[in-house]
Amino acid sequence: MGQLTIRNLEVSFHTREGIIRAVDGIDLAIGPGEIVGLVGESGSGKSVTCNSVLQLLPCPPAQFGEGKIEWSSKDLLQLDEDKMRRIRGKEISMIFQDPMSCLNPFMTVLDQVAEPLIIHKICKPAEAKRKALEMLAKVGVHRVKEYPNSYPHEFSGGMRQRAMIAMALITQPALLLADEPTTALDVTVQAKVLSILRELCSELGVSVLFVSHDLGLVAELADRVVVMYRGKVVEQNDTASIFTHPKHPYVKALIACRPTLETSDDRLPTVEDFINPGKETEKSPADTSPPKTSSKSAKTLVEAKRLVVEFTTDEGSVRAVNDVSIKIPQGSTHGLVGESGSGKTSLGRSLLNLIRRQSGEILFNGIPVGHKGHPHEKQFRKSMQIIFQDPYASLNPRLTIEQALVEPMIVHNLGSSKRERIKRVIDLLEEVGLGEEHLARYPHEFSGGQRQRICVARALTTEPEFIVCDECVSAMDVSVQAQVLNLLKSLQASRGLTYLFISHDLGVVKFMSDQISVMQKGQIVESGSAENIYNDPQTKYTQQLINSIPAANRSKNFSFTHPSVSPGP
């Protein structure tokens, strides 16, 4: 049992552009057994605050001011590395945002979840593995029981995130720092994880600092909410008051920006609409473009016929995509939803010929897409792009942002000169909310949401016709998410783009999509218009997905009914 108290915390970073104040004098307290939600824009200082608690920031470039982080009467900022090592993973655990880069690729998932018990000498290796299996089963990773030698790369993004959660909870810590712990999870697993966190808090007195850009999840879980904006705390209150009577314009914007199942507008409100209400919003390309062609009358741009994709593992063959047929009309958005591991990403990548298919046919503009080495492969690569789920792993850490965005143009001979290409890159960065000053930075110098914006810009460099958006806004807070979703819609209208939009966020899928397909265990179990899927689901599986959505993300007129609201210390 312990209480975390942060007093006047200041964290700065030395960069090429000068000193950046990431956290600017914040005060925050978390009592025993309390769950505090920490929300704010990407880059507002949420993750820096979490990493500061466990001294995980490299110094330099990070530099701390005169603030304090007190835990059980100790100032964590004054402890040496040996003392901090005894606290990390035992008294205070952390669930990181990016599971692929945080899991050891050379260790099995089971060994990694058991490792904290062994390192802190809580139990012997055999007992540690038994407890690890139990914890993995609690968070929905049942594969390890059948295949104990599975490695992280054999899991989907959602499954890897579940393993990270199990690893953080295995030692039953007094404080859990959850930095976007449900980013890659579908709604059904999100509900299960929230239930586990609530259970731990009530039974063991575990405190939680829950960082999330999904205000619906925060409403379901947190006792209090702290809102950060540009390194400062702009508002904090009990959860009910934050949602029903927000005071700061930024907080009002965060609540309004999230798409719900009732959202019917073509454009989501953004933070700028609330921070500068008198400023006239510039018209996006969607405002001046002709109405989108009806998907019924448009020609089919991408088609898959009886597609089968299998993966071979040590334990045998796994069929990820099982006899799937799909048609995507030109200029439309086809949404793809389903639980983690249902085959959504495998289907998307097979359409782009990024993974080998065992059988079936893929047509682009009526032309068969052959296997690797096909004469027209380079042209297909230019016309068909992807925005990957994991923004950190999909960016080369050795390339600056300028190099990463210019490279596709060079490969496809776009732009007559270096100056023209750089101008195009700057324009793309500004379209996704970044600027020219970011060109010389490397991927590790950006937050998760900022990295995903860079990936969106990179997908647009070749001026494609078809883009697979594979969880492309899952790492973004709602304010940035609204900007990117509006951008994708406006680009679609102005350029005639066609999307396959994959997401576990059903509100986002409904906002973006004309048609929706629901996948389960490698098969499409239901397809139809977005309105019909949500208003009249035909399968129990689809009904389960919809019922698992947090209440705040279902309706704009959210009536707050938090189960355990209590005032903070």
Side-chain angles (χ1 to χ4, degrees), residues 11-22 41-45 47-48 57-58 60-63 97-98 101 230-231 270-272 282 284-285 381-382 385-464 467 469 472-473 475-477 479-488 490-491 494-495 497:
V11 186
S12 301
F13 288 91
H14 292 268
T15 70
R16 296 177 185 85
E17 292 79 26
I19 297 177
I20 295 176
R21 182 70 61 86
E41 270 188 301
S42 177
S44 63
S47 294
V48 172
L57 297 175
Q63 179 180 333
Q97 181 176 357
D98 185 4
S101 61
R230 295 183 178 178
T270 64
V271 170
E272 188 68 18
E282 292 183 12
S284 67
R381 286 278 177 264
K382 177 180 178 295
Q385 289 289 317
I386 184 171
I387 304 168
F388 292 97
Q389 178 178 356
D390 186 345
Y392 194 76
S394 62
L395 289 170
N396 189 331
R398 295 173 182 266
L399 298 183
T400 64
I401 301 311
E402 177 185 328
Q403 292 169 328
L405 297 186
V406 166
E407 185 181 43
M409 299 184 192
I410 296 174
V411 170
H412 293 285
N413 299 316
L414 298 173
S416 59
S417 65
K418 181 179 179 181
R419 179 179 294 180
E420 183 180 333
R421 288 167 182 156
I422 291 177
K423 182 181 183 304
R424 174 62 180 151
V425 164
I426 293 172
D427 291 341
L428 285 172
L429 285 177
E430 289 176 350
E431 278 189 303
V432 297
L434 299 174
E436 185 177 356
E437 66 275 13
H438 297 112
L439 287 176
R441 295 188 191 178
Y442 288 86
H444 72 273
E445 298 180 79
F446 294 88
S447 66
Q450 289 171 322
R451 285 195 290 264
Q452 193 63 291
R453 282 185 262 178
I454 293 165
C455 291
V456 172
R458 184 179 60 179
L460 296 171
T461 55
T462 64
E463 300 180 356
I467 299 178
C469 304
C472 70
V473 294
M476 298 178 181
D477 55 79
S479 58
V480 179
Q481 182 186 87
Q483 295 171 20
V484 173
L485 293 178
N486 289 338
L487 172 65
L488 289 173
S490 67
L491 289 170
S494 62
R495 304 185 186 189
L497 291 172

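Quick note: residue numbers are just sequence positions, from 1.
Here OG of Ser417 is found 11.0 Å from NZ of Lys423. Values are rounded to the nearest 0.5 Å. Atom-to-atom distance recorded for Ser12:OG and Arg21:CZ is 4.0 Å, nearest 0.5 angstrom. Remark: Thr462 OG1 to Met409 CE distance equals 9.0 Å, nearest 0.5 Å. Here the NE2-CD distance, from His438 to Glu445, works out to 10.0 Å after rounding to the nearest 0.5 Å. To the nearest 0.5 angstrom, Leu434 atom CG is 11.0 Å from Leu428 atom CG. Atom CG in Leu395 sits 12.5 Å away from atom NE2 in His444 (nearest 0.5 Å).
Nearest heavy-atom pair, Lys382 versus Glu463, reported as atom, atom and distance to 0.1 Å: NZ-O, 4.4 Å. Between Gln403 and Arg398, the shortest heavy-atom distance links the atoms OE1-O, 4.1 Å. The minimum heavy-atom distance between Pro397 and Tyr442, with the atom names listed, is O-CD2, 3.4 Å. The minimum heavy-atom distance between Arg424 and Leu460, with the atom names listed, is NH2-O, 4.0 Å. The heavy-atom pair separating Pro408 from Arg458 by the smallest distance is CG-CG, 4.2 Å. Across Pro443 and Leu399, no two heavy atoms sit closer than the pair CD-O, 3.4 Å.
Between Cys472 and Cys455 there is no side-chain heavy-atom pair separated by less than 4.5 Å. Val406 places none of its side-chain heavy atoms less than 4.5 Å from the side chain of Thr461. Between Leu405 and Ile422, every side-chain heavy-atom pair lies at or beyond the 4.5 Å cut-off. Looking only at side-chain heavy atoms (C-beta outward), Arg421 and Ile410 come within less than 4.5 Å of each other. Looking at Val11 and Leu57, their side chains come closer than 4.5 Å, going by heavy atoms from C-beta outward.
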- Query: When you look at Leu488 and Ser490, which way does the side-chain contact (heavy atoms from CB on, under 4.5 Å) test go after all the steps?
  - Reply: CA-CA 6 Å; Leu488 289 173; Ser490 67; over 6 Å; no

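Of the possible polar contacts, none joining the Thr400 side chain to the Ala440 backbone as a donor-acceptor pair under 3.5 Å is found.
Counting heavy atoms of neighbouring residues, nucleotides and ligands inside a 6.0 Å radius, atom CD of Glu437 exceeds 12 of them.
Figure legend: cation-pi geometry between Arg441 and Phe446, with NZ or CZ positioned under 6.0 Å from the six-membered ring centre and within 45° of its axis.
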